[in-house]
Protein chains: 2
Amino acid sequence: MDARRTSLSANETRTRILDVAQALFAAHGFDATSMRMITGDAGVNLAAVNYHFGSKDALVQEVLKRHLRPLNGSRIQALDAAEAAAGGAPVKPSVIVESFFSSPLELAAGSDAGREFMRLLGRTFTEPSPMIRDFLVTEYEEVIGRYREAFCRALPAVPVEEILWRLHFMLGAMSHAVAGVDSLQVLTGVKVDEPDAMQRMAPRLMSFLLGGLRAPLPGPDGRIE
Amino acid sequence: MDARRTSLSANETRTRILDVAQALFAAHGFDATSMRMITGDAGVNLAAVNYHFGSKDALVQEVLKRHLRPLNGSRIQALDAAEAAAGGAPVKPSVIVESFFSSPLELAAGSDAGREFMRLLGRTFTEPSPMIRDFLVTEYEEVIGRYREAFCRALPAVPVEEILWRLHFMLGAMSHAVAGVDSLQVLTGVKVDEPDAMQRMAPRLMSFLLGGLRAPLPGPDGRIE
DNA sequence: GTCTATAGGGGGATAGAC
DNA sequence: GTCTATCCCCCTATAGAC
């Protein structure tokens, strides 16, 4: 850091704000992170966030978009590739699951910033703020639609409601696992903050998800076995 | 509500604050819920929270404790009963899972307030606040220890780390399913807010969890099959 | 373009009247 | 015991100087 520096390029300032904001949002949550904390840590002026992004809400959306857009894009590419390889036949459920969950797990395993982002994203699903909810609905609309359709084609005998429930459970297990909830970490002793924790987790999670997806459906009386 | 009423008994005020706070925390989150919102909705004075609970943080803990203590108590009772029925032999994994997850699912299915509390609790796991994290660690210490031990006895061939990961995944799937994350609800069309949604979900979730628990372990190369 | 200074609106907590 | 009035803090956003 050059102490004689008096200004940054517009792009440098933007990126620096996004990086710092992501770290602080991940560590403290959206509400508990103030613009003063962000601009202070980033070494930029308090007014810079409003100048570059318009508002704190817009900054939140920009932080999420930056990695979520490419993430959901590669999910769709993976499904495209799997469907092309299947040549018109339905794609196997295990391949669909792998296509959906590989990208986020690779992102989380690839770098500190990637892991940080996935922790943030996992927590974002449980934010009650309408602004966040609307944002996620828009961002996930296409990818969820594509995968729902793929599952329905792969499992024509299973009612669509059952498929949606299982997709919901799988998303929950992944979100929580990646968010690496500190409480559970302390309780169970599973270290989710070590650099290679995600590499060790990914195959275990994938196995768990497939096991859940393949579990026998409960009978009409709610009994499982 | 009697408009002529000028005061409430201390106990009535306390309970009313707890009920209203739980509803607002569930709807808006802890940070976004102000003491003014709570005391306003409860029809009590602004100073009442500090008088009865000491601080907003203490109120948060009290709201959580009120139902979490009985919840974890009945989890331990269920495990005690299962171990007594097994007469010294290890309890079957499916019975352990059922013992752990029946109580929260029944609470969520039993009443509007129970569902509201479980939604709140599900979100609480992802709160980054140290105060919340410390609170949860303390409250879950005993019950997690008991269940970890039971799983280890039931599955002596499985490394303890694998068991802890699966427990972590199961807790995540349940938390998210019960929190009924609005975003996922909108995306998947699964209605989690209908009165009987929890009754319909419970057997499906239990089946999913057992399927995940029983999934084959990934090999040393990370391959599943 | 960048930053300083400040407006304007909550927030949690509490002293002191009743 | 209960409530009113208020303290003092920090927040976001912006007008206007540089």
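Proteins come first, then strands; the chains are lettered A, B, ... in the order of their sequence lines, and each starts at number 1. Heavy-atom basis, side chains included; hydrogens, waters and symmetry copies ignored.
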Student: Less than 6.0 angstrom separating the ring centers of B:Phe125 and B:Tyr140, yes or no?
Tutor: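 Centroid separation for B:Phe125 and B:Tyr140: below 6.0 Å.
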Student: Rounded to whole angstroms, how far apart are CZ on A:Phe53 and P on C:dT2?
Tutor: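 The answer, rounded to whole Å, is 13 Å.
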Student: Please report the distance, rounded to the nearest Å, between NE2 in A:His52 and C1' in D:dT14.
Tutor: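 One finds 16 Å between C1' of D:dT14 and NE2 of A:His52, rounded.
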Student: Report the distance from atom CG of A:Leu59 to atom C1' of D:dA13, rounded to the nearest whole Å.
Tutor: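 The answer, rounded to whole Å, is 14 Å.
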Student: Pairing donors with acceptors under 3.5 angstrom, does anything connect the side chains of A:Arg75 and A:Asn72?
Tutor: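 The answer is yes; a qualifying pair exists.
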Student: Check nucleotides 11-18 of chain C against the protein and report each pair of N or O atoms closer than 3.5 Å, with its distance, or say if there are none.
Tutor:
from, atom 1, to, atom 2, distance (Å)
C:dG11, OP1, B:Ser34, OG, 3.1
C:dG12, OP1, B:Met35, N, 3.4
C:dG12, OP1, B:Lys56, NZ, 3.2
C:dG12, OP2, B:Met35, N, 2.9
C:dG12, N7, B:Arg36, NH1, 2.8
C:dG12, O6, B:Arg36, NH2, 2.9
C:dA13, OP2, B:Lys56, N, 3.1

Student: Just to verify, what does A:Glu162 make a salt bridge (charged side-chain N to carboxylate O under 4.0 Å, His left out) with, not counting sequence neighbours?
Tutor: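 A:Glu162 satisfies salt bridge (charged side-chain N to carboxylate O under 4.0 Å, His left out) with B:Arg204 only.
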Student: Which of parallel (below 30°), tilted (30 to 60°) and perpendicular (above 60°) describes B:Phe208 and A:Phe169?
Tutor: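 Rings of B:Phe208 and A:Phe169: tilted, as their planes differ by 30° to 60°.
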Student: Once you round it to whole Å, what is the distance between P of C:dG1 and CD of A:Glu12?
Tutor: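 Distance check: A:Glu12 CD to C:dG1 P gives 16 Å.
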Student: Between B:Val63 and B:Phe117, which heavy-atom pair has the shortest distance, and what is it?
Tutor: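 So the minimum-distance heavy-atom pair works out to O-CE1, 3.8 Å.
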Student: Closest approach of B:Glu139 and B:Leu68, non-hydrogen atoms and distance?
Tutor: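 Of all heavy-atom pairs spanning B:Glu139 and B:Leu68, the closest is CB-CD2, 3.9 Å.
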